[in-house]
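Right, one structure below, let's go through it.
Throughout, a chain's letter reflects where its sequence line sits, starting with A, and its residues are numbered from 1.
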Amino acid sequence: MKLVTNRTGVCPHCGAPKSPPSGAAVPRSLDSEVLHYDLEALAAEAAVDKVFDENARIRVTQQDIRKLLDKRRKGLK
Amino acid sequence: MNALARAIRVLVADDEPHIRQVIAAIVRSLGAEVVAEAADGGEAVKLYGELRPDVVILDINMPRMRGDDALTRILALDPHAVAIMMTAQDTIDTVHDCLDRGARHYILKSNRAEDIYGLLAECWPDCQALALDKEAA
């Protein structure tokens with residue numbers, strides 16, 4: 001992919017810094033380590049979300065269900 | 001306590017044919033009769049209405065109509081229906097929901113086959129008593 005860069009960076013008339021032309025990609029580093037780091041951060045975030053999701057849904061065993069049924073039959077809930 | 005003079009009639013609903021076979025085999029080994037098998041919730045409701053079994057064993061995750069929705073419809077047809085949920089769904093919310101809807105028992109499919117046999121055998125006297133009550137009503 002070819003990056004479009006801000007050719008001079010300053011206005012030829014007044015010398016003020018130029019903002020990138022609309023629609024042009026902001027030049028940035030394509031350094032693979034930076035991209036790799038971003039993916040790792042996303043993966044870490046997803047892992048945290050997954051653990052949270054799994055903890056939010058309380059799982060039960062057959063023993064828990066047995067106790068729950070006993071409680072319900074005794075009128076407790 | 002009077003005993004039921006005939007075998008308990010059971011409807012088994014599960015979308016997995018091999019699971020249905022295992023459940024049906026366990027049910028027969030308990031001396032009950034499997035009157036029909038259903039592959040989804042809608043079929044279970046239809047067969048329940050036609051055959052009026054004493055007990056229905058329902059999976060939850062089934063295509064077209066889920067087992068918990070089938071449970072609600074079956075209980076609307078017959079408020080005395082005796083339903084046993086047999087499912088892999090092991091979240092507390094699902095268990096509470098099914099019991100709130102009117103399921104009598106809840107068995108996890110994650111148990112080993114011999115444990116499922118034991119669990120069904122354990123709830124069988126209750127099912128027999130309920131079937132007897134239903135017949136007397």
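- Test B:D14, B:T87, B:D90 against B:K109 for side-chain hydrogen bond (donor to acceptor under 3.5 Å, both in side chains) and you get one pass: B:D14.
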- Apply side chain to side chain donor-acceptor pair (under 3.5 Å) to B:R101 and B:T72, showing your working. CA-CA 6 Å; B:R101 287 179 192 233; B:T72 301; 2.8 Å; yes
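- Only the side chain of B:N111 comes within contact range of chain A, with heavy atoms under 4.5 Å apart.
- The parts of B:I107 that come within reach of chain A are both its backbone and its side chain, each placing non-hydrogen atoms under 4.5 angstrom from that chain.
- Ranked by heavy-atom pairs shorter than 4.5 Å toward chain A, the options B:V95, B:L99, B:T94 are led by B:L99.
- A salt bridge links B:E122 with A:R66: at least one charged nitrogen is closer than 4.0 Å to a carboxylate oxygen.
- Heavy-atom distances place no part of B:Q89 under 4.5 Å from chain A, backbone and side chain included.
- A salt bridge is absent between B:D69 and B:R73: the closest approach of a Lys/Arg side-chain nitrogen to an acidic carboxylate oxygen does not fall below 4.0 angstrom.
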